[in-house]
Each structure stands twice: as C-alpha cells, then as structure tokens.
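Just below is one structure, and these are the notes that go with it.
Order of appearance sets the numbers: ligands from 1, and atoms from 1 within every ligand. On a predicted model such as this, the values are computed, not experimentally measured, just so you know.
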Amino acid sequence: LPSLPSSSTPPLANTTAFPRYSGVTKFSQLPLSRKTKDGLLQSGYVEMTEIQRASLPHALAGRDILGAAKTGSGKTLAFVIPVLEKLFRERYSAEWGVGAIILCPIRELAEQIFEEIKSVGRHHSISAALIIGGKEVDLEKDRVNNMNILVCTPGRLLQHMDETVNFDCSQLQVLVLDEADRMLDMDFKKTLNDIVSQLPKKRQTLLFSATQTKSIQDLARLSLKDPEYISVHEES
Ligand code: ADP
Ligand code: MG
C-alpha cells in the first residue's frame, strides 16, 4: 500500500478544529493515515464507541487525556490509534528506538493490547514488543532498544530501566497508562512514579481508567499536562 505523506493528514491541532469532528461516528471520517484506516477496517472496526468518539479527536491533536469509561467500552483503540498515528507521522522505524510505552497491570492485558496493535497496525512498519514478567529478561534486553512500541507491566519496565545497559527512552513520544486504577490497586504507585520521573517531559500522555478516584487524580497530576477530561457513563 502507498504511504500517505504526513502533510496530507488534516491538521487537528487547534480547538477550532474540534467542532468539525463532533458529529463524526466512523473511524473512516477521522484524519487517519490510509494504513491505519485499512487496518481498522480489516480488523472489523467501522463505528466508533462513545469513548473513542469523545477522546480520539483530542488524542490525535496531541493532547493529554484522562479518560474514564467502564470495562468493555473500547479504551484500547482510544490509545492504540493515536500511538500508531504519532509514530507514523514522525516516521519511526527500528533505528529510532522507543517511541511509545504502554503500561498496564498484568501480562494477559498486555498480550491483548499487543494483539490489537498487530491487527490494527498490520500495514505499518512500526515494531512492537511485549515486555512482561515471566519471560526471559536477557532476551528482552537485546530487543528493547530496537522496538518502537513497548507494551509493559510496570515492574518489568522499571527492571529494564534499572538494569539494561543503554536502555534509551529519550525519544519517547507517547506514554499510555492503561487500567491506571488497577495498577494503583496492585500497589504499583511507587513503580509508576519512578518510571514517569525517568521519562522525557516533552511527551504526550494518555491515561485510561474504569473509575475516577483520588489516587487517579494524584497520578494524573504527576503524569499529565493540561489534560482533556473525558468521562463516559452508561446510558440510563
Ligand atoms: P476496554 O479496554 O474499555 O475494557 P476494549 O478496548 O478491551 O475495552 O474493547 C472491548 C471489546 O470491544 C473488544 O473485543 C474490542 O475488540 C471491541 N471493540 C472496541 N472498539 C470497537 C469498535 N469501535 N467497534 C466494534 N468493536 C469494538
Ligand atoms: Mg482495557
């Protein structure tokens, strides 16, 4: 498939652009690369869910997001799509190293996110790796620096930050904190603080959670910059 020059992606990066997207319900109506649009279609995704409709225009414009929506509402695509688009627009390839880090509480979730990236990102030449406990850490050490997207559990990522020689996140563009409430419930607060404090300040951060709590607000204050607050409730 031919790749779109990034200049053909309509700009979203100002607030006046957003009313244009308020009535948009389909992924095909968003300013996405052809590669991502085809990947979505071939993965069976046509209509956006509510959290996707509410958050994607902001996330694609490069804004930080604090998104709350219940389990099963489609939060994965709300961050996978902006991550793919950002790295595509910046023309990431293997030698560029780590461009996005996605943190989630457990291995099984990381595997699901990884599968979604592989499916929706099938036409991109962006590389992705799972960095999760229970796998050969030395094997990972050879690979972490050549991968554009790392899908990680917090403990394992911090282990690489501490132990892996030359582990380099200096070109990080996007940080995703998925199921942030569960990560905090699992006592990852200090680990997350340690990770965030070591990452470049100039980045986009997308934080998703099923619930909004005091400790989520604390994490948001630490990790987000002027976030867009997006909360989607069940229809009653
Ligand atoms: P959450 O992270 O909010 O719990 P997921 O991202 O895991 O939700 O999505 C839940 C299910 O909904 C998955 O099976 C996913 O494939 C499906 N899904 C997500 N977005 C869409 C969409 N726009 N259209 C159809 N199915 C979707
Ligand atoms: Mg999820």
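Within a 4.0 Å radius of atom 11 (C) of ligand 1, the protein contributes no non-hydrogen atoms. In this structure, atom 14 (O) of ligand 1 has its sub-4.0 angstrom surroundings free of protein heavy atoms. Within a 4.0 Å radius of atom 25 (C) of ligand 1, the protein contributes at least one heavy atom.
Proximity of Q52 to ligand 1, defined as any heavy-atom pair under 4.0 Å, is confined to the side chain (atoms from C-beta onward).
Ring pair H160/F167 is tilted by interplanar angle, where 30° to 60° counts as tilted.
Using 4.0 Å as the threshold, K70 has a heavy atom nearer than that to some atom of ligand 1. Using a non-hydrogen distance threshold of 4.0 Å, F208 does not register as a contact of ligand 1.
Here is the list of ligand 1 atoms found below 4.0 Å of a heavy atom in L77: 20 (N). With ligand atoms numbered from 1 in the order given, ligand 1 contributes 4 (O) to contacts under 4.0 Å with heavy atoms of T71. The ligand atoms of ligand 1 that sit less than 4.0 angstrom from a heavy atom of S73 are 1 (P), 3 (O), 8 (O). Taking every non-hydrogen atom of F27 and a distance limit under 4.0 Å, the qualifying atoms of ligand 1 come out as 23 (N).
In terms of polar-atom proximity, defined here as any N/O pair under 3.5 Å, M48 makes no such contact with ligand 1. Looking at G72 next to ligand 1, an N or O pair under 3.5 Å apart turns up.
If you check the side chains of E95 and S93, you find a donor sitting under 3.5 Å from an acceptor.
A salt bridge is absent between E50 and R53; no separation between the charged side-chain nitrogens and carboxylate oxygens falls under 4.0 Å.
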